[in-house]
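The sequence lines fix the lettering, A, B, ..., with proteins before strands; numbering per chain opens at 1.
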Amino acid sequence: MGTALSVPAQTQSARVRAQGSGHTIQTAITIISIVLVGIALIPALVQMFLDKPLYYPDARFTIQNIVALVSDREVTATFGATFLFCSIVVLVSMALGTSSAILIGRTDLPGRSAFLAILLWPLFLSPQVIGFGAILAYGPAGLLTIWFSDATGLTEPWNLYSVPGMAVVAGIAATPVTTLYCLTAAIQQDPNQEAAARIAGAGSLRILFRIILPIMRPALIFAFIMNIVNALETLAIPLIIGGPVGIKLLTTLIYDKSFESAGLPQYGLVSALAFALMAIVGVLFFLQRLALRQSHRFVSVGAKSIQPKMLALGSWKWPAFLLMAVYVVFGVVVLVGAVFARSLTFILSPDVSFFDAVTLQHYSDVLSVEVYRRSILNTLLLAVVGGALGTAFVAAVAMVAQRSNYRYRRVLDAVAQLPRVLPGLVVGLGVFYASMFVPGIDLLRNTIWLVLIAYLIRFLSSGYGIVSPALLQITGDFDRAAKSVGAGWTTTMTRIVLPLSKQALLSCFVLLMILIIKEYSSAVFLMAPGSEVIGSTMLSLWTQGLAGPVAALAVMQIVLTSILTSIVTRILGVKLHG
Amino acid sequence: MRKFLFTLFSTLPLFSAPSFAQQDVPDGYPTEYSKIIDAAKTEKGLVIYSNVSTNNWAPFLELAKKRYPFLSIETTDEQNVWEKYFAESAAGARTADMILTFAPERWPDFVQRGQALDYKSPEIPHLPSWSMVLPGVYTAAADPFLIAYNKRAFKDKTPPMSMADAVAALKADPKLKGRITAYDPEVSLGFAFWSSWVKRNANGWSLIEALGPAMRPERSAATQREKIATGEQALAIFTSGAGIKVFESPAVKPLVGWGYPKDGTPVLFRSVAITKAAASPNSAKLFLDLLLSRDGQMAFAVGGQTPYRADIKPGEAPYTSYSAIVKAIGEENVIFVKPDASLLSGSDEFMARWNKALGR
């Protein structure tokens, strides 16, 4: 390169530095994000317009996939049930999740750390196992159903095989994520506002509704949108609970049409559904932007920080404890307990004494096979490395999108939300293609590191949903103060904003680990002998009809995740809750 | 299991035959077979995409390891064998040397796309002709689908062993409504055998219509077995024969009974073929021939699959065998569900009628 060119280049970079250093790194982060999400998005986009999987030589252009989504009688017939299902799921998840987050993060509720530990269990389990647990506990011959019938004399106390029945189960499965999204926001509040309200004579309830909830609004809106999307794309629970009685939702119908009975998979229909979801989410995020136009209103981490005072529940203490206990016992402990009991028995039946059927066989079945053991080790490695890399990446993206003047930060914000609506299979297919055609990535083929890339794309939005609202709560005064003493963007971020969001980053890390441990669908195309994961082992055991070993593996999943979580929180010296 | 294997292998005549170790070529195979063995020795490992779990593969892989110690074999268990194979072979990546799975609706398409290697196994003279329907595609196992029932629900009664029996049982005891599970035809496997069953039975649809409102179909044998054992369901119509192992276990046996449906027992072919994109075709040939041999079929049966060679007599294989099924219900009541292109389409009409019968 000639000297004539290098002079203007220097002035250019000098100007950039004057605007606040970090422009280069911001651009790099944005480009990496767009490339990663593009890897997953482009094959899906192409697939939407093809009548066969895109690697078939005889695949032809079609718009039938999009047409079918809006005009097919069978598809439109599911809209009613889907709407009812989603409404109940979102309602249950938001109500339980928000109240748990506030009670645990903000009040002096007795036993709140124990509640939190148990409350997260459903998050560690794949939805299929939760549905299975629900049948064991609350089905027509479920342990709780029979116990309740015997106690009250009612023959059919409830009907699990109904839209509300499966929606409540799906809602309970979604609650822990809502709790995690809201917990950080609940903990990270400026105590001065509460103190001021107290001085003005406000009671606890008034503080809750006038201060705590409104300030949590960014997190609540994030959680709300995530819940809607999650409810719309929930598949496993409606399949296992609704299938036998013929309840069809949008997702189960598309699943039937695209994977199983049609023989040839119609990934085009799946892609069309993904893009339809994306459009819905686009609208939701636009509304969110309107709602959060003045983000600084939600700032709660300011310069003068004192330890937030826990809200005293007073006479509400024990009623709140009781409500929380009812939820945790019947919504979590019973479900997981049924799976646990199943893992220890040849059969779980009211006709057989538990002690006659008790066995450790299922555990040894899983642990004695080398491939299954390897899948557990691979998953652990992926969880730790993926959790760490993913958190670093999410933090970088969130800082550029939420706390910089970078010109394209809005674009980056949108890009980071996209993978949430991409089905795992589509993400996996995209990464698979990249491994074929992008030089460098092909070296990762048939290793778990290719799976790692898919996971990073797939869970970008999930982590972003935790970190991004937390960053909105840190006052911009810090950035301006840092700038005035000469710190650039990078310094401000790494020295001030990052340490202040430690709590959110930790939650993000834990969430990513949990999601990675139970993920399967995005690994389908990338798995090779040697790179198996727990999710694939579980599916394999399930399709072989081995419910006992599936339950055993699910229990091991809970134990492993709990151990990992507690190790991480201890090493980093941060608690998950206040 | 290990003990059983040991006794099994020690009684196999081939192991005691001294000629085997010297000439390497199995008895009765042409002498040129040694060329395949030599070529296989230079190949780098064998990859098999299958729907057989690691556990169920184990006894056969142990035999293969003994017979051909130089083979390094990797098997998968997945639902996506076709799409993975097509995607990888289209991109020229390393993919499966061999595919082994049910999917009767997909095999004709696979062969038509020229993806199956048309290999003539030296085992052909020993295989029943019905087991070979497509060039290069062999049958690895012929697995039956059963009727299973909760013993308490049919206490002091004769459990139904056919669809007609089931209709009669429902008439006699209306409380069975909602307690009859069927393998769901929404799943391609279910559609394959239900549609074959209806074709065989002239009154099939009227039986389905009579039973329909009482039925709750399941998509997985796992949930079927759980619900039959707990008593949530009284009767399972067409549940996987792989369940025999579970039904016969000491804890489940007092709760669940099973049998072969008298008015037609679907027997599904688990088909196997060497792929066109195979990187190790010679290793695949050795593997395939061993799998089709008598020893191979017996070892595969220890893993839970159903052997079908005529020289395997009822009671010889650990759980069941084709000859045992025929002995129980007669050849005329066996419904073969073999690779068939017409299964790929035409489920719409069937499903419409099915859903109507179930009142959906």
Undergrad: Among the options A/T145, A/L539, A/L239, A/L546, pick out the one with the most heavy-atom pairs lying under 4.5 Å from chain B.
TA: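 Heavy-atom pair counts peak at A/L239.
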
Undergrad: Do you know which two heavy atoms are closest between A/P244 and B/E218, and how far apart they sit?
TA: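 Distance-wise, the nearest heavy atoms are CG-OE2, 3.2 Å.
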
Undergrad: With only heavy atoms counted, which part of B/A87 is less than 4.5 Å from chain A, the side chain, the backbone, both or neither?
TA: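 For B/A87, backbone and side chain are both near chain A.
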
Undergrad: What part of A/V369 lies closer than 4.5 angstrom to a heavy atom of chain B: side chain, backbone, both or neither?
TA: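 Only the side chain of A/V369 comes within 4.5 Å of chain B.
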
Undergrad: Would the number of heavy atoms belonging to other residues, nucleotides or ligands and lying under 6.0 Å from CD of B/E248 be above 12?
TA: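 Yes - once you tally the heavy atoms of other residues, nucleotides and ligands closer than 6.0 Å, there are more than 12.
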
Undergrad: Would you name the heavy atoms of B/N55 and A/D365 that are closest together and state the gap between them?
TA: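 Nearest heavy atoms, B/N55 then A/D365: ND2-O, 4.2 Å.
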
Undergrad: Counting only heavy atoms closer than 4.5 Å, note whether B/T76 contacts chain A via side chain, backbone, both or neither.
TA: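 B/T76 touches chain A through side-chain heavy atoms alone.
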
Undergrad: Given that the side chain runs from C-beta out, which part of B/S220 has a heavy atom under 4.5 Å from chain A: side chain, backbone, both or neither?
TA: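 Side chain of B/S220 only, per the 4.5 Å heavy-atom cut-off to chain A.
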
Undergrad: Select, from B/T230, B/T75, B/D184, B/N56, the one with the greatest count of heavy-atom pairs under 4.5 Å involving chain A.
TA: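 Answer, by heavy-atom pair count under 4.5 Å with chain A: B/T230.
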
Undergrad: Of all the heavy-atom pairs spanning B/R360 and A/G243, show the shortest one and how long it is.
TA: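 The pair with the smallest heavy-atom distance is NH2-O, 3.9 Å.
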
Undergrad: Does any N or O in the side chain of B/K84 come within less than 3.5 Å of the main-chain N or O of A/M527, such that one atom is a donor and the other an acceptor?
TA: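 Here the side-chain-to-backbone pair exists.
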
Undergrad: For a quick test of reading the model, state the closest non-hydrogen atom pair linking B/S53 to A/S540 and the distance between them.
TA: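 For B/S53 and A/S540, the tightest heavy-atom pair comes out as CB-OG, 4.1 Å.
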
Undergrad: B/E83 and A/P53: which non-hydrogen atoms are nearest, and at how many Å?
TA: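 So the two residues come closest at OE1-CG, 3.7 Å.
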
Undergrad: Return the option, out of B/W82, B/Y49, B/F86, with the maximum number of heavy-atom pairs under 4.5 Å with chain A.
TA: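 When all of B/W82, B/Y49, B/F86 are compared, B/F86 has the most.
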
Undergrad: For residues B/E88 and A/F432, determine if any side-chain heavy atom of one lies less than 4.5 Å from a side-chain heavy atom of the other.
TA: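 They are in contact (side-chain heavy atoms under 4.5 Å apart), so the answer is yes.
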
Undergrad: Quick one: CZ on B/R219 to OG1 on A/T252, what's the gap to the nearest 0.5 Å?
TA: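 One finds 7.0 Å between CZ of B/R219 and OG1 of A/T252.
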
Undergrad: Considering only heavy atoms from C-beta outward, does the side chain of B/R113 approach that of A/P57 to under 4.5 Å?
TA: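 Yes; the side chains approach each other to less than 4.5 Å.
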
Undergrad: What part of B/N51 gets within 4.5 angstrom of chain A, counting heavy atoms only: side chain, backbone, both, or neither?
TA: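 B/N51 touches chain A through backbone heavy atoms alone.
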
Undergrad: Starting at OG1 of B/T54, measure out to CZ of A/R374 and round the result to the nearest 0.5 Å.
TA: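 B/T54 OG1 to A/R374 CZ: 9.0 Å, rounded to 0.5 Å.
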
Undergrad: Got a sec: does the NZ of B/K276 have more than 12 other heavy atoms crowding it under 6.0 Å?
TA: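 It does not: B/K276 NZ has 12 such atoms or fewer within range.
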
Undergrad: Does some side-chain heavy atom of A/R342 sit less than 4.5 Å from a side-chain heavy atom of B/E226?
TA: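 The answer is yes; the side chains approach within 4.5 Å.
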
Undergrad: With a cut-off of 6.0 Å (strictly less than), are more than 12 heavy atoms of other residues, nucleotides or ligands near NZ of B/K356?
TA: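 No, because the 6.0 Å sphere around NZ of B/K356 holds 12 heavy atoms or fewer from other groups.
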
Undergrad: Nearest 0.5 Å, what's the CG-CG distance between B/D77 and A/L541?
TA: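 B/D77 atom CG to A/L541 atom CG measures 8.5 Å (nearest 0.5 Å).
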
Undergrad: Mind ranking A/F132, A/F346, A/Y372 by heavy-atom pairs under 4.5 Å with chain B and telling me who comes out on top?
TA: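 Top count of heavy-atom pairs under 4.5 Å with chain B: A/Y372.
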
